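Since this is a predicted model, take the numbers as computed values, not measurements. Ligands are counted one by one from 1 in listed order, and the atoms in each one are counted from 1 as well.
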Amino acid sequence: MDQVKISDSLQKTGQNGRPGLKRFADRPMPKSLDLLHNPSLNKGRAFTEEERDALGLRGLLPPRIISIDEQIARVLATVRGKKTDLDRYNSLIGLQDRNETLFYRVLIDHLAEFMPIIYTPTIGQACQEYGHIFRRARGMYISTADRGHIREVFNNWPNDDVRVIVVTDGERILGLGDLGAHGMGIPVGKLSLYTACAGVKPTQCLPITLDVGTDNEELLADPQYLGLPHHRIRGEEYDAFIDEFIRAAQQRFPNVLIQLEDFGSHNAFRLLEKYKNEACLFNDDIQGTAAVTLAGLYSALRITDEKLSDQTIVLFGAGEAAVGISDLIVLAMTREGLSEPEARKRCWLIDSKGLVVAGRKDLAEHKKRYAHKHTPLPDLYSVVQSIHPTVLIGASGQADAFTYATLSAMASYREHPIVFALSNPTSQSECTAEGAYRSTHGRAIFASGSPFPEVHLWDRTIVPGQANNAYVFPGIGLGVISTGATRVPQEMFYEAAKALASEVCEDDLKIGRVFPSLDRVRDVSATIATAVAKYAFRSGLATVEEPSDVLSWIKSQMYDPTYKPYI
Ligand code: NAD
């Protein structure tokens with residue numbers, strides 16, 4: 001197949017090919033089967049008569065031409081007709097491999113329906129079965145066998161204009177643990193959301209899995225496992241590998257935004273700390289989760305008419321999500337006038353050993369700043385009884401941990417307990433939406449990580465909000481790459497949270513939803529990107545000139561999947 005440098009800017013040819021035939025910025029348009037096998041350019045049966053003549057497609061396609069609307073109807077019928085969500089996932093990924101424009105048109109126009117298929121919860125199952133469902137490589141696998149040569153391996157990627165990399169080492173995939181190289185579903189899915197939600201061009205996105213081994217014995221014994229069958233490298237060996245990867249990525253794609261995704265918490269915090277001031281890099285599990293959760297809290301506090309800095313917050317779980325959320329809440333509370341130590345004291349963490357308290361000898365570094373003086377408490381129920389949180393956030397991966405007794409205890413001292421059960425996928429959620437409403441007589445303000453259907457209770461319909469990171473990271477990414485921002489500081493996540501909260505309207509709140517409808521996510525992403533871009537301009541991180549109307553400028557850069565005429 002021709003190596004085509006894909007650019008979205010089709011240009012008129014004067015020197016090459018037939019008169020009127022368009023070409024890409026720096027290469028001729030591929031033809032014939034090369035064109036049909038190029039998912040960025042393929043239109044399938046929608047190629048016109050003229051294009052079929054000019055591009056050597058006669059005879060290679062069924063003769064009856066159909067429009068993109070007819071193609072969409074066919075895709076919908078096929079995908080909806082599948083028996084399982086995993087079959088729907090395979091069907092959509094197959095489409096993405098054949099015809100990206102059609103894939104994104106379908107996804108964008110039916111985002112609420114298909115986001116749970118191409119992302120959580122179905123993506124979790126897809127990763128668990130990746131060895132069996134794998135058909136065609138997307139993105140790049142960089143393995144321990146590539147050590148010392150990662151920069152050269154990057155040369156194999158045909159596209160120079162990569163602006164966003166989402167990378168995982170597969171150690172903590174959703175709440176499912178170590179899936180090694182099968183974690184690839186996550187960067188692929190997240191980058192699809194960059195494009196669908198915020199219009200980042202598909203050609204600017206690069207999913208990467210770092211195969212540093214796996215400690216999942218089942219996978220190591222499975223002949224279908226896609227990664228190298230060895231245990232994880234650790235310590236200095238691991239750090240050197242990551243360092244080589246980051247440097248090589250920066251050299252190959254200067255100023256690329258790197259999103260770290262689903263790394264184990266012992267590495268995630270360290271890597272973020274090490275590289276946040278050296279690279280244009282963030283960790284979505286830590287920082288993106290924090291922004292979406294803070295936005296949900298701001299919305300919930302509109303219902304209770306309270307200030308964030310007056311809340312007592314218990315986080316069940318003390319890992320990436322919980323500590324990331326706490327750190328951003330602390331920043332937000334300081335903006336309301338609290339000192340940092342005062343703000344920290346309002347956040348309490350619980351890990352698998354109980355309440356995180358001063359004096360515990362077993363605390364990882366990232367938990368220590370939330371280890372307050374208190375008698376040790378073994379479980380969530382006793383913490384709720386003792387600390388009386390106004391907000392309870394679950395980020396533990398422990399299904400059903402928010403029991404009826406715990407939530408009804410909260411409802412005994414609080415009119416509207418704020419309960420966010422964030423663990424993914426749905427099977428790991430700390431409680432169901434219905435469980436939260438039933439145990440609090442319908443008074444809880446609830447949000448979850450994976451989507452729950454609306455709940456009908458006591459003649460009321462309550463719509464649970466989904467604290468979906470997809471509200472936030474695509475818009476942050478768009479803001480960063482549009483401005484050429486060189487770093488992604490914590491303030492950008494604070495700006496993103498405020499921008500997301502500002503998109504929640506009174507009608508959303510009336511039905512109990514603390515996030516906007518997913519159908520509006522492209523507008524929401526544009527608002528977030530604008531807030532992030534404005535921060536980049538005023539803080540001096542931007543490397544392009546500030547336009548007079550930032551929102552219109554941001555919107556003008558968003559990819560909209562439509563077929564462009566090729567002649
Ligand atoms: P992590 O592995 O870094 O942290 C998990 C934490 O849970 C650890 O601190 C662990 O000690 C604690 N834990 C485990 N068992 C426990 C128990 N029995 N009691 C109390 N605490 C216990 O993982 P993470 O990245 O923080 O993610 C945690 C969960 O949050 C996952 O299910 C993930 O899918 C979910 N998550 C949701 C969103 C979202 O909704 N937007 C975003 C990120 C993560």
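- Close contacts between ligand 1 and Ile350 involve ligand atoms 21 (N) [criterion: under 4.0 Å to a heavy atom].
- Atoms of ligand 1 found under 4.0 Å from any heavy atom of Thr289 (numbered from 1 in listed order, with element): 38 (C), 42 (C), 43 (C).
- More than 12 heavy-atom neighbours from other residues, nucleotides or ligands sit within 6.0 angstrom of CD on Glu217.
- Interface atoms of ligand 1 facing Ala467, defined by a heavy-atom separation under 4.0 Å, are 39 (C), 40 (O), 41 (N).
- With a heavy-atom cut-off of 4.0 Å, Gln428 does not touch ligand 1 at all.
- For atom 7 (O) of ligand 1, the closest non-hydrogen atom on the protein side is Ser396 CA, 3.3 Å.
- The pair Asp379-Lys353 does not count as a salt bridge, with every side-chain nitrogen at least 4.0 angstrom from each carboxylate oxygen.
- Residue Glu320 places at least one N or O, backbone or side chain, under 3.5 Å from an N or O of ligand 1.
- For atom 30 (O) of ligand 1, the candidate residues are Pro425, Ala421, Ala395, Ser429; the nearest heavy-atom contact is made by Ala395.
- Considering backbone and side-chain atoms together, Val292 places no N or O closer than 3.5 Å to any N or O of ligand 1.
- When only modelled atom types and interatomic distance are considered, Gln125 and Tyr89 share no side-chain donor-acceptor pair under 3.5 Å.
- The closest approach between Arg172 and ligand 1 falls below 4.0 Å for a heavy atom of the residue.
- Remark: minimum distance from atom 37 (C) of ligand 1 to any protein heavy atom is reached at Leu422 O, 3.0 Å.
- Distance from atom 41 (N) of ligand 1 to its nearest protein heavy atom, with residue and atom name: Asn469 OD1, 2.4 Å.
- Atoms of ligand 1 found under 4.0 Å from any heavy atom of Ala318 (numbered from 1 in listed order, with element): 6 (C), 8 (C), 9 (O).
- Atoms of ligand 1 found under 4.0 Å from any heavy atom of Ser265 (numbered from 1 in listed order, with element): 3 (O).
- Looking at Lys190 and Asp262, no side-chain N of the basic residue comes within less than 4.0 Å of a carboxylate O on the acidic one, giving no salt bridge.
- Between Arg414 and Glu306, at least one side-chain N (NZ, or NE/NH1/NH2) sits under 4.0 Å from a carboxylate O, which counts as a salt bridge.
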Start with the C-alpha gap between Ile329 and Ile313, add the side-chain angles, then the distance that decides, and say whether side chain to side chain contact (heavy atoms under 4.5 Å, CB included) holds. CA-CA 9 Å; Ile329 286 175; Ile313 297 164; 3.8 Å; yes

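- Closest protein heavy atom to atom 19 (N) of ligand 1: Phe316 CZ, 3.2 Å.
- Phe316 and Phe402 have perpendicular rings, their planes meeting at more than 60° on a 0 to 90° scale where under 30° would count as parallel.
- Note: Phe446 and Tyr437 have perpendicular aromatic rings, judged against thresholds of 30 and 60 degrees for the angle between ring planes.
- Of all the atoms in ligand 1, the ones that sit under 4.0 Å from a non-hydrogen atom of Ser423 are 29 (C), 30 (O), 32 (O), 35 (C).
- The single protein non-hydrogen atom nearest to atom 22 (C) of ligand 1 is Ser352 N, 3.5 Å, given as residue, atom name and distance.
- Ion pairing between a basic and an acidic side chain is recognised when a charged N comes within 4.0 Å of a carboxylate O; Arg232 and Asp169 show such pairing.
- Comparing Ala290, Gly317, Gly319, Gly124 against atom 1 (P) of ligand 1, the shortest heavy-atom distance belongs to Gly319.
- Checked by distance only, ligand 1 and Asn424 come closer than 3.5 Å through their nitrogen or oxygen atoms.
- For ligand 1, one of its N or O atoms has an N or O atom of Ala321 under 3.5 Å away.
- Annotation: atom 21 (N) of ligand 1 to nearest protein heavy atom, Asp351 C, 3.2 Å.
- Between Asp310 and Arg346 there is no salt bridge, since no side-chain N of the basic residue sits under 4.0 Å from a carboxylate O of the acidic one.
- For ligand 1, the atoms sitting less than 4.0 Å from at least one non-hydrogen atom of Gly449 are 40 (O), numbered in the order shown with element in parentheses.
- Every atom of ligand 1 is numbered from 1 in the order shown, and the set under 4.0 Å from a heavy atom of Leu174 is 34 (O).
- Remark: ligand 1 and Gln398 share an N or O pair separated by less than 3.5 Å (distance only, no angle test).
- The shortest heavy-atom contact between Ala321 and Ala395 is CB-CB, 3.7 Å.
- Using a 4.0 Å cut-off between charged side-chain N and carboxylate O, Glu506 and Arg302 make a salt bridge.
- For Arg88 (side chain) and Asn90 (main-chain N/O), no donor-acceptor pair under 3.5 Å exists by modelled atom type.
- Between Tyr559 and Tyr104, the ring planes are perpendicular. Angles over 60° get that label, and only those under 30° would be called parallel.
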